[in-house]
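Protein chains get the first letters and strands the later ones, always in sequence-line order, with residue 1 at the start of each. All figures in this text were calculated on a predicted structure; none of them were measured in a lab.
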Number of protein chains: 2
Amino acid sequence: MRSRNEPVKWPAAGVRVTMEDVAREAGVSRALVSLVMRDSPKVGVKRRERVLAVAERLGYRPNAMARGLASRRTRTVGVLLNELHNPFYAEVLDGVDEEAERLGYRILIASAGARTRGEERAVEAFLEYRTDGIVLVGPRLSASAITGLAEAVPVVVVARVMRSSMVDSVANDDYQGVRAVVGHLTALGHRRIAHIDGGSGAGASTRRAAYARAMREHGCDGGRRVIAGDYTAQAGARAVERMLADGDMPTAIFAANDFVAAGAIDRLDAEGLRVPEDVSVVGYDDVFLAGLRGLSLTTVNQPRPEMGRLALAALVERIEEGRSDALHVRLTPELVVRSSTARPRGSALRLRA
Amino acid sequence: MRSRNEPVKWPAAGVRVTMEDVAREAGVSRALVSLVMRDSPKVGVKRRERVLAVAERLGYRPNAMARGLASRRTRTVGVLLNELHNPFYAEVLDGVDEEAERLGYRILIASAGARTRGEERAVEAFLEYRTDGIVLVGPRLSASAITGLAEAVPVVVVARVMRSSMVDSVANDDYQGVRAVVGHLTALGHRRIAHIDGGSGAGASTRRAAYARAMREHGCDGGRRVIAGDYTAQAGARAVERMLADGDMPTAIFAANDFVAAGAIDRLDAEGLRVPEDVSVVGYDDVFLAGLRGLSLTTVNQPRPEMGRLALAALVERIEEGRSDALHVRLTPELVVRSSTARPRGSALRLRA
DNA sequence: GTGAAAGCGCTAACAG
DNA sequence: CTGTTAGCGCTTTCAC
């Protein structure tokens, strides 16, 4: 008796069943079994079923390594996620995953972790496994390392702008996103808008440049200030401390992402500064956190799963068709206004005195 | 000229450099190159260096598949994460990763994603890749599927209690954790403490049972109520709605994890019920979120990275030593009291009238 | 130490 | 459709 859910069956310990075994047991040639395992159309229904039945009974499972070695392709792509703790990446992965399944590819996930040169090492592993392609999500690798890599294997970069003609890329248009943020803030009356940046993180420089440009466009060049950060809540908190120490608190803060914003708000709150009454705060990404009423963060939403889907599709196209020109997709992000932003109301500095 | 950071070098396009090539170029036999690549001590320093230099120059990279095929082991373990969006799993992974590096193992990460039978499929992939072992973090697989799997390959389960003698497991002691929660709440004066559970999620049943037992132990059997959930914020919100609709709001809520708690608080807030004044809320896991001032959630902390480390170590021990008895580690969790809990103050029900 | 020989389990032509 | 013949790139004896 089995449970009603399809019984999960795994081969028994140490028993290494090969194609040969299946062939012998089914009374056919090994080649025939190979064809069946690959769903070749040139196998009769009867034989196919018999082979499949025997394989099932024996607990046969194709050896991916042998298959990859012999066929010289793995139908597997490596996905390197910058950071597994940030749900942003998980959501991009959802899209990659979905599209990969649709296209019949398998994915191998890796992240840099805390190691030094973690990304290089992960890429190295993908290369040794001979994945057919690599998806880099928010990589911190240098642009030259990425284009170099692209010479060895098809590569697509997500959530970071690339200009190389060797690698495809899918990202949101930071200029549009940041312009919407600054526009929203200036419309509320803010002039002094600081930016806590993402340091050397993926896309941080683009966002920083977009901020500078948008401030200029809105005639707020004088109220510009960039505080160094790194895409974490701790960075947000530290940045607030720095501003406080400098006695230079702006009326609004544009954080590099929602985590930085959360950390900043947390710290502001701890110092007795109210958001948005004393300081308005805007994030980026619209992760789950931002929507909680406790935070209710004004932020910018990027279509993450869609980015993942497009990236994987582009990669597979390059793998299979050998496309040579680069595809650079820029999706339009959307400002999501919640309650962490409001009209400025006098200088927050007074509260410190 | 190169950049100061060690130049990243990847082999050029399509150039498939094999051991043979390196051997020829270095003027040695292929076997020698093989020994060098495996850090064999029986190779002289000079030759070793020459081989390494040639390999580097040619951009040689060992083929993991060929190596795995020939050696019949991969020094790779598969890690199946229940859910990539939940930072809890990422933190367990940090520990696994660290220990794997220490022990010279490589890890392959997978998650069930949104697919049906996602876990089975991921496990299937690990099996096809012939990983030396598998780490299951918070698996939803049936216990029988897991023990069945363990017959094929070494397995260790994290964050879920197993009683099988075939698989090792590392988890926190839910009974202790939940008892601490209920103890804290009853000490504050609560009697009606509802539990929003984790549905069929990993460890949900254990936590549910622990709740029932703890309530009994504290003489609060009458105030017991379990509302079905599933480890997500949405479930927390829905559970609150249900309680509201039933006109049966307890004075305290023990949520299956921090996300459920966050969702519950969010909803309570939306309904005008204050936390902790009207309802106290406790979570589980102490993820990043819980520490934010906006939430300041009382919760239970599990040593996640430590769990990961222990699990990987146990797995490798089983792989290499072939240990046959199961190791079941139970770590002691710690109650973290913040400000989402307080003494009950009259019935929250009144507020609905 | 070193090199030759024999596979690991599978795919890929190519004749039947 | 079927069976045979070659490898894929590497590790592993096992003599030298």
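Residues E98(A) and R115(B) are not paired through a salt bridge, judged by the lack of any N-O separation under 4.0 Å between the basic side chain and the carboxylate. The residues E320(B) and R75(B) are annotated as salt-bridged, a charged nitrogen and a carboxylate oxygen being separated by less than 4.0 angstrom. Using a 4.0 Å cut-off between a side-chain N of Lys or Arg and a carboxylate O of Asp or Glu, R304(B) and E91(B) qualify as a salt bridge. In summary, E101(A) and R121(B) engage in a salt bridge, as defined by a charged side-chain N under 4.0 Å from a carboxylate O.
Near DNA chain C, meaning a heavy atom under 4.0 Å away, the residues from residues 38-46 of chain B are K42(B), V43(B), G44(B).
The CD-P distance, from E128(A) to dC10(D), rounds to 10 Å in whole Å. In this structure, L35(A) places its CG atom 9 Å from C1' of dC1(D), rounding to the nearest Å. Distance, Y129(A) OH to dC10(D) P: 14 Å, rounded to whole Å.
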Given pairs defined as Watson-Crick or G-U wobble with both distances under 3.5 Å, what dot-bracket annotation applies to DNA chain C, with ( ) intrastrand, [ ] crossing, | other strand and . unpaired? |||||||||||.||||
Evaluate the criterion side-chain contact (heavy atoms from CB on, under 4.5 Å) for residue pair L136(B) and V156(B); output intermediate values, then yes/no. CA-CA 6 Å; L136(B) 263 17; V156(B) 58; over 6 Å; no
Given salt bridge (charged side-chain N to carboxylate O under 4.0 Å, His left out), test E25(A) with R57(A) step by step and report yes or no. CA-CA 10 Å; E25(A) 187 75 12; R57(A) 181 155 57 74; 3.4 Å; yes
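OP1 or OP2 of dT11(D) lies within a sub-4.0 Å distance of a side-chain N or O belonging to S34(B).
T76(A) and Y129(B) are linked by a side-chain donor-acceptor pair at a separation below 3.5 angstrom, with hydrogens and angles left out of the test. Using modelled atom types, one finds no donor on one side chain facing an acceptor on the other under 3.5 Å when comparing S34(A) with R30(A).
The two residues V167(B) and T147(B) make their nearest non-hydrogen contact at CG1-CA, 4.3 Å. Residues H328(A) and S169(A) come closest through the heavy atom pair ND1-OG, 2.7 Å.
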Indicate every side-chain donor-acceptor pair of residues 41-49 of chain B with a distance under 3.5 Å to a residue at least two apart or in another chain.
residue, atom, partner, partner atom, Å
R48(B), NH2, S40(B), O, 2.9

What nitrogen or oxygen pairs link the protein and nucleotides 5-9 of chain D at under 3.5 Å?
residue, atom, partner, partner atom, Å
dA6(D), N6, R30(A), NH2, 3.4
dC8(D), O2, A70(A), N, 3.1
dG9(D), OP1, R72(A), NH2, 3.1
dG9(D), N2, A66(B), O, 3.4

Polar atom pairs (N or O), protein with nucleotides 14-16 of chain D, under 3.5 Å:
none

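A donor-acceptor pair under 3.5 Å is formed between the side chain of D21(B) and the backbone N or O of T18(B). Using a distance-only test at 3.5 Å, with no hydrogens or angles considered, a donor-acceptor pair links the side chain of D168(A) to the main chain of L327(A). Judged purely by atom type and a 3.5 angstrom limit, E321(B) has no side-chain atom pairing as donor or acceptor with the backbone of R323(B). Formation of a donor-acceptor pair under 3.5 Å by the T74(A) side chain with backbone atoms of R130(A) is found in this model.
When DNA chain C is scanned 5' to 3' for any atom under 4.0 Å from a heavy atom of chain A, the first and last hits are dG9(C) to dA12(C).
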